[in-house]
*Asks:* 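Here it is, the structure in full.
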Number of protein chains: 2
Amino acid sequence: MLTESTENYLKAILQLEADKADGVSTSSIAERLGAQPASVTGMMHKLKERGWVKYERYKGVDLTETGRRHAMETVRRHRLWETFLVGTLGFAWDEVHDLAEQLEHVRSTDLTDQLDAFLGHPQTDPHGDPIPNADGTFRTSVGRALLSDAQVGICAKIVGVGDSQDDFLRHLNSLGLGLGTVVEVKELFPFDRSMAVHIVGGVEARCHLSSRVTQNLWWVEAVPDA
Amino acid sequence: MLTESTENYLKAILQLEADKADGVSTSSIAERLGAQPASVTGMMHKLKERGWVKYERYKGVDLTETGRRHAMETVRRHRLWETFLVGTLGFAWDEVHDLAEQLEHVRSTDLTDQLDAFLGHPQTDPHGDPIPNADGTFRTSVGRALLSDAQVGICAKIVGVGDSQDDFLRHLNSLGLGLGTVVEVKELFPFDRSMAVHIVGGVEARCHLSSRVTQNLWWVEAVPDA
DNA sequence: CTTCCGGTTTAGCCTAGCCTAATTCACCGT
DNA sequence: ACGGTGAATTAGGCTAGGCTAAACCGGAAG
């Protein structure tokens with residue numbers, strides 16, 4: 001019943017719902033999946049008749065409870081495989097997205113749970129994103145915010161990336177940023193909403209981050225001596 | 001270019017070639033894949049025009065060098081995943097076939113090689129079948145024979161199973177047979193080509209094996225005190 | 001209230017893979 | 001040399017999932 005394609009659609013809708021509240025547009029789904037809007041409309045009819053989305057023409061889509069559960073399971077598998085690839089097989093964090101995208105479609109509760117146990121029930125994947133439980137619930141990550149909302153003077157520890165596309169992660173690598181990196185916000189530039197920071201312990205004295213970057217980095221207050 | 005379906009066809013042809021020498025029949029492929037002969041014929045045209053098989057109507061098929069290499073890579077991935085599932089995640093040997101059947105289709109040289117390294121470059125999978133190298137060659141397993149060819153009085157150590165379908169493996173479990181089990185051949189029954197054996201170290205004194213079973217077990221001479 | 005424009009949907013077409021039914025071939029025995 | 005017969009192939013059709021082009025809303029601007 002569930003195919004790779006439908007899983008990808010459900011996952012995309014889940015992730016778009018996180019940002020835009022309710023009523024995900026077909027074109028945003030199309031953009032995220034690299035498909036044409038017309039194809040999305042066609043698929044929405046199928047997803048609706050299977051009871052996985054609430055959909056009415058011209059009004060966007062939302063996941064049903066069943067649809068959300070399927071999407072969550074897919075995300076869970078994706079993040080477990082990423083954790084495995086980085087933690088166990090030694091891949092870099094910018095190499096695993098596409099592989100996990102394939103592995104996530106192997107649907108087996110046994111496999112997923114055994115993998116989870118083998119990895120020691122990890123809480124987050126290599127990009128700092130929370131891994132859903134077997135029952136499809138998140139351990140919500142409290143107290144984290146986007147770097148774009150930080151004020152001058154703040155010492156922020158990077159704990160997550162919003163966009164785990166490989167090219168974004170490689171960009172972070174070349175800037176010297178990674179999970180656990182601590183930065184001090186030096187200056188804000190309202191003109192283009194960019195930001196100058198000092199990387200604590202880094203080689204470069206100062207680093208300039210575009211809004212595209214700061215809007216995709218999660219941080220928490222850095223504990224001085226941790 | 002390579003799809004899941006074509007990989008399955010190539011793998012099936014490879015395994016049928018092992019038995020029947022040259023000219024694999026379309027119906028044998030159909031049977032192995034659970035498809036209709038007509039579907040196989042259709043696929044053969046596609047495989048031929050992609051240069052993966054030699055095929056002439058009414059004359060059976062053979063793999064080309066390219067086709068064989070693809071098939072070998074698929075088998076390699078399949079057996080590495082089976083080894084991982086049993087050795088690392090703790091699955092039983094009769095639970096992994098279907099899962100590996102799915103995982104094998106994730107085509108990534110990096111992933112395959114990293115997995116191989118993580119597992120310590122295993123020589124055989126949990127069913128005793130040899131794992132092809134990265135270059136697509138077997139370490140040939142010399143000196144093994146089918147149990148159906150053993151003579152009365154021989155002490156045989158089971159080192160492989162020909163058919164790793166889950167139900168066959170479960171049957172072996174219930175008989176008390178597994179990889180490494182040593183049996184002594186007690187009697188042959190030419191009528192139905194069945195065989196009575198004594199399982200060395202087993203609880204049952206005597207065990208009766210059908211030809212269906214003995215034709216799917218590989219053995220080597222058991223070393224008395226090993 | 002009307003118009004316009006961009007996003008959405010429908011209509012129609014395509015490919016991959018599979019199926020069933022009908023046809024064709026190859027080979028064996030006479 | 002000639003049928004028969006079972007295996008193999010062709011013909012035609014189906015579903016899933018995608019695409020392009022054309023038609024269609026619906027909300028903002030006049």
Side-chain angles (χ1 to χ4, degrees), chain A residues 1-13 16-17 19-63 67 70-71 74 101-102 104-107, chain B residues 1-13 16-17 19-63 67 70-71 74 101-102 104-107:
Chain A
M1 215 72 192
L2 270 172
T3 66
E4 283 197 22
S5 186
T6 55
E7 282 188 336
N8 286 335
Y9 275 96
L10 294 175
K11 195 169 62 131
I13 298 169
L16 289 167
E17 272 187 350
D19 305 340
K20 324 231 170 144
D22 55 14
V24 175
S25 72
T26 50
S27 56
S28 64
I29 298 171
E31 188 190 9
R32 175 168 269 262
L33 293 178
Q36 295 303 314
S39 308
V40 175
T41 302
M43 184 57 93
M44 288 312 109
H45 289 119
K46 239 164 265 179
L47 296 185
K48 180 184 181 179
E49 95 187 8
R50 303 208 176 149
W52 294 332
V53 299
K54 288 184 275 286
Y55 169 65
E56 228 164 322
R57 36 208 296 277
Y58 296 104
K59 290 196 181 163
V61 279
D62 288 292
L63 293 171
H70 287 315
T74 308
E101 201 86 339
Q102 298 191 250
E104 74 186 8
H105 296 298
V106 177
R107 266 184 309 282
Chain B
M1 216 72 190
L2 272 170
T3 66
E4 282 196 23
S5 186
T6 56
E7 282 188 339
N8 286 335
Y9 275 96
L10 294 175
K11 195 169 61 130
I13 298 170
L16 289 167
E17 272 187 351
D19 304 341
K20 324 230 168 145
D22 54 15
V24 175
S25 72
T26 50
S27 57
S28 64
I29 298 170
E31 189 191 7
R32 176 168 269 263
L33 293 177
Q36 295 303 315
S39 310
V40 176
T41 302
M43 184 57 92
M44 289 311 109
H45 289 119
K46 239 164 267 179
L47 296 186
K48 181 185 181 178
E49 94 186 9
R50 303 207 176 149
W52 295 330
V53 298
K54 288 185 275 286
Y55 169 64
E56 228 163 323
R57 33 208 297 278
Y58 297 104
K59 291 197 180 164
V61 278
D62 287 293
L63 293 173
H70 287 316
T74 308
E101 201 86 341
Q102 298 191 250
E104 73 187 9
H105 296 300
V106 177
R107 267 183 311 281

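Letters A, B, ... are given to chains in the order of the sequence lines, protein chains preceding strands, and every chain is numbered from 1.
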*Asks:* D:dT10, C:dC18, D:dG17: which one has an atom nearest the side-chain heavy atoms of A:S5?
*Replies:* D:dG17
*Asks:* For B:L33 and C:dG17, what is the distance between atoms CG and P respectively, to the nearest whole Å?
*Replies:* 13 Å
*Asks:* Measure from CZ on B:R50 to C1' on C:dG17 and round the result to the nearest Å.
*Replies:* 11 Å
*Asks:* What contact category does B:S27 fall into here, base, sugar-phosphate, or nothing, at under 4.0 angstrom with non-hydrogen atoms?
*Replies:* sugar-phosphate
*Asks:* What is the distance from CD of A:E56 to C1' of C:dT9, rounded to the nearest Å?
*Replies:* 14 Å
*Asks:* Nearest 0.5 Å, what's the CG-CD distance between A:D62 and A:E56?
*Replies:* 11.0 Å
*Asks:* Rounded off to whole Å, could you give me the CD-to-P distance for the A:E4 and C:dG17 pair?
*Replies:* 13 Å
*Asks:* Would you say the side chain of B:V53 lies within less than 4.5 Å of the side chain of B:L10, judging by non-hydrogen atoms?
*Replies:* yes
*Asks:* Counting side-chain heavy atoms from C-beta on, which of D:dA11, D:dA16, D:dT20 comes nearest to A:K46?
*Replies:* D:dA16
*Asks:* I need the A:K46 NZ to A:Y55 OH distance, nearest 0.5 Å.
*Replies:* 13.0 Å
*Asks:* So, is B:T3 near the phosphate of C:dG17, with a side-chain N or O under 4.0 Å from OP1 or OP2?
*Replies:* yes
*Asks:* Can you identify which nucleotide, out of D:dA21, C:dT8, C:dA21, has its nearest atom closest to the A:T26 side chain?
*Replies:* C:dT8
*Asks:* Provide, to the nearest angstrom, the distance between the CG atom belonging to A:L47 and the C1' atom belonging to D:dG17.
*Replies:* 12 Å
*Asks:* With respect to the phosphate group of C:dT9, does any side-chain polar atom (N or O) of A:H45 fall under 4.0 Å of OP1 or OP2?
*Replies:* no
*Asks:* Distance check: side-chain N/O of A:Y9 vs OP1/OP2 of D:dA16, anything under 4.0 Å?
*Replies:* no
*Asks:* Counting side-chain heavy atoms from C-beta on, which of D:dT20, C:dT10, C:dG17 comes nearest to A:Q36?
*Replies:* D:dT20
*Asks:* Quick one: is D:dG18 close enough that its OP1 or OP2 comes under 4.0 Å of any side-chain N or O from A:S39?
*Replies:* no
*Asks:* B:H105 NE2 to C:dA16 P: how many Å, rounded?
*Replies:* 18 Å
*Asks:* Do the non-hydrogen side-chain atoms of A:L47 and A:I13 ever get within less than 4.5 Å of each other?
*Replies:* yes
*Asks:* Just the rounded figure in Å: distance from P of D:dA16 to CG of A:L2.
*Replies:* 14 Å
*Asks:* Can you work out whether A:G60 or B:M43 has the more 5'-proximal nearest nucleotide on DNA chain C?
*Replies:* A:G60
*Asks:* Output yes when at least one side-chain N/O atom of B:Y58 is less than 4.0 Å from OP1 or OP2 of C:dT23, else no.
*Replies:* no
*Asks:* Would you say B:R57 reaches C:dT24's phosphate, i.e. side-chain N/O to OP1/OP2 under 4.0 Å?
*Replies:* no
*Asks:* For B:E49 and C:dT15, give me the distance from atom CD to atom P, rounded to whole Å.
*Replies:* 12 Å
*Asks:* Quick check for you: to the nearest 0.5 Å, what is the distance between A:Y9 atom OH and A:I29 atom CD1?
*Replies:* 8.0 Å
